[in-house]
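First the proteins, then the strands, lettered A, B, ... as listed; each starts at 1.
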Number of protein chains: 2
Amino acid sequence: MPADTRRAWETVLRSIEADLLSGVLKPGDHLPPERALAAEQGVGRSSVREALRVLEVLGLIRTATGSGPSSGAIIVALPGGGMSALMRLQVAAQGFAVADVVKTRLVLEASVASELATACASDHPTDSGPTAPDLSVARQLLDAMDRPALTEAEFLALDAQFHLSLAEASGNQVVTAMMAGLRSSIESYVQAAVPNLQSWPQTSVRLRSEHRDILAAIAAGEPTDAAARVRAHIDGYYEESRITPGPAAPERALSA
Amino acid sequence: MPADTRRAWETVLRSIEADLLSGVLKPGDHLPPERALAAEQGVGRSSVREALRVLEVLGLIRTATGSGPSSGAIIVALPGGGMSALMRLQVAAQGFAVADVVKTRLVLEASVASELATACASDHPTDSGPTAPDLSVARQLLDAMDRPALTEAEFLALDAQFHLSLAEASGNQVVTAMMAGLRSSIESYVQAAVPNLQSWPQTSVRLRSEHRDILAAIAAGEPTDAAARVRAHIDGYYEESRITPGPAAPERALSA
DNA sequence: GCGTAGACTGTGGTCAGACCACAGGTATTG
DNA sequence: CAATACCTGTGGTCTGACCACAGTCTACGC
């Protein structure tokens, strides 16, 4: 049996994935203790730990020291962190071009806006049924962004939260996680590009206005308009701030 | 300095990420040996290994035993594997609903088709300049799919490659990686759903035809038509095969 | 009987050291 | 000069040990 052709930690990872797929492990469940896993898989504890580390970074488990029901490794399945780590590191390692990240964000976010607007349109104004997207979080964030004392970093953080809240309102967790990852991967670039703006106060006013317009188009149930406004919003900002794409277009991440 | 509030492996990870961002480390570079990293960071080798394991799964480095220039940990930045692992595990752990994965795939792929068609339209037929997307790989895959002796699994594998080749032709590595991840995350569901089809031969004929139509629309430079055909293609297949969404709509991945 | 303070237990987090397999480089030898 | 054997450095793994931490349990004092 060529069972040990894989590295030891990989067998552990596969085993856990299989248990997940087969339903033996579900969100909320505790993983066996590291020492027990090591024994039952016939590997060393360090190999188990490497597998668990991967699961933790990918957002699948949460580990806690101590004893009791809240300790140990617990399945959580929170994809946000893992996606962010993946995107950040890939951008840092030039596996992803910043321009591609922005373009992808554009596509996803326009789709989200369009979808939300469609959902709003299909609901009667008085009907707050299950299909009506909840835009209250987005509205609160917009209000928070109107506070005059915000620093640039605080404003940008709220900005990110606003865009993310739209994705969350759409209910698509995959898109939400992806957008969170995309955003965090270029966060440092966005921050660094603020000085490139001709006038921050002027820009922030424009951004606020565009945000309101986007939300209005969504609430009005105008998919095409909402998507177009989102595109213009994002494109406009990156155009103006001239995000330095770093190594522009890397020929290709080395293939071999 | 609350430097050791983070876990040891995390400091290693951050350190490498910082080196990546600052340009100290570039794709193709060798990481220092594990023992050296451990010494310079003041942590144990096992902690270094946990960090490297994460980087490896995320597709950032490749490790090899032995000695010489090809050994050790090398920065590679191939996002495909990492994205696939992340998606697969999140779907397995019910962090992502299959329906959301499919919907996201729809959005990305429609966008890719539209973009490719636009690029084709802006080029003169005789102009094979740098902006002309290369669809030859996709064409070859379509020809390969016409072979009659293909098993269902082989056909589906080529199908996946075809869709992926479109993303690659668009040149957007972020989208390409995402589509690879999305696809692999639901691969087992797709395979399992083949028996749900009324007639596999009939379906495969239809899929082939739709593929040709999509490619034709792209080559003809018709963005709207290409995107619509992609949507119909994907939607139609999932409709027909009735992919079991597993736990359908998980209330929410446990938040706390 | 009851409450509280201490010890106990089990968990992850980390480290140190050892050994192995492997592959390239180098020195030795024919 | 060439082929071979050795050497070195690398990741891969295991073992054992210790720590910090947080519940749980127990024994003590009231």
task: Mind running salt bridge (Lys or Arg N to Asp or Glu O under 4.0 Å) on A/E154 and A/R147 for me, showing each step along the way?
output: CA-CA 10 Å; A/E154 288 168 343; A/R147 285 169 40 208; 5.2 Å; no
- prompt: Given A/E56 and A/R62, is the salt bridge (Lys or Arg N to Asp or Glu O under 4.0 Å) satisfied, shown in steps?
  reply: CA-CA 6 Å; A/E56 183 176 348; A/R62 174 181 67 76; over 6 Å; no
message: Between B/H211 and B/H163, is the side chain to side chain contact (heavy atoms under 4.5 Å, CB included) condition met? List the steps.
response: CA-CA 9 Å; B/H211 284 160; B/H163 287 271; 3.5 Å; yes
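Residue-to-nucleotide proximity on DNA chain C shows that, of A/A73 and A/S46, the 5′-proximal contact is made by A/A73. Between B/S67 and B/V48, it is B/V48 whose nearest contact on DNA chain C lies nearer the 5' terminus. Summary of the strand contacts: A/G42 and A/S70 both lie near DNA chain D, and taking for each the nucleotide with the nearest heavy atom, the more 5' one is attributed to A/G42.
Between B/L55 atom CG and D/dG11 atom C1' the separation is 15 Å, expressed in whole Å. Remark: C1' of D/dT10 and CG of B/L37 are 13 Å apart, rounded to the nearest angstrom. Distance, A/E10 CD to D/dG11 C1': 15 Å, rounded to whole Å. In this structure, B/I74 atom CD1 and D/dT10 atom P are separated by 13 Å, rounded to whole Å. Atom CD of B/E50 and atom P of D/dG12 are 14 Å apart (whole Å). Atom pair B/R35:CZ and C/dG17:P shows a separation of 12 Å (rounding to whole Å applied). Atom CD1 of B/I61 is separated from atom C1' of D/dG11 by 11 Å (rounded to the nearest Å). The interatomic distance linking B/Q41 (CD) with C/dG13 (C1') rounds to 17 Å, in whole Å.
Evaluation of atom-type donor-acceptor distances gives no pair under 3.5 Å for the side chain of B/R6 against the base of C/dG13. Judged by distance alone, with hydrogens and angles left aside, A/R45 brings a side-chain donor or acceptor within reach of the base of C/dG13, the pair sitting under 3.5 Å.
Among A/L13, A/V57, A/I61, the single residue meeting the side chain to side chain contact (heavy atoms under 4.5 Å, CB included) criterion with A/L52 is A/I61.
Closest to the side chain of A/T65, out of D/dT24, C/dT11, D/dC14, is C/dT11. Checking C/dG13, D/dT10, C/dT14 against every side-chain atom of A/E34, the shortest atom distance belongs to C/dG13.
Between A/S47 and the phosphate of D/dC14, there is a side-chain N or O to OP1/OP2 separation shorter than 4.0 Å. B/R49 has a side-chain polar atom (N or O) that falls below the 4.0 Å cut-off from OP1 or OP2 of D/dG12. In this structure, B/S71 does not reach the D/dG9 phosphate: none of its side-chain N or O atoms is under 4.0 Å from OP1 or OP2. Between A/T63 and C/dG13 there is a side-chain polar atom (N or O) within less than 4.0 angstrom of OP1 or OP2. Contact annotation: B/R7 does not reach the phosphate of C/dG12 (side-chain N/O to OP1 or OP2, under 4.0 Å).
Using a 4.0 Å heavy-atom cutoff across all strands shown, B/A64 reaches sugar-phosphate atoms only and no base atom. Within 4.0 Å (heavy atoms only), A/G66 reaches at least one base atom of the nucleic acid.
A/S15 and A/Q41 are linked by a side-chain donor-acceptor pair at a separation below 3.5 angstrom, with hydrogens and angles left out of the test. Side-chain contact of B/S170 with B/N172: a donor-acceptor pair under 3.5 Å is absent, judged by distance alone.
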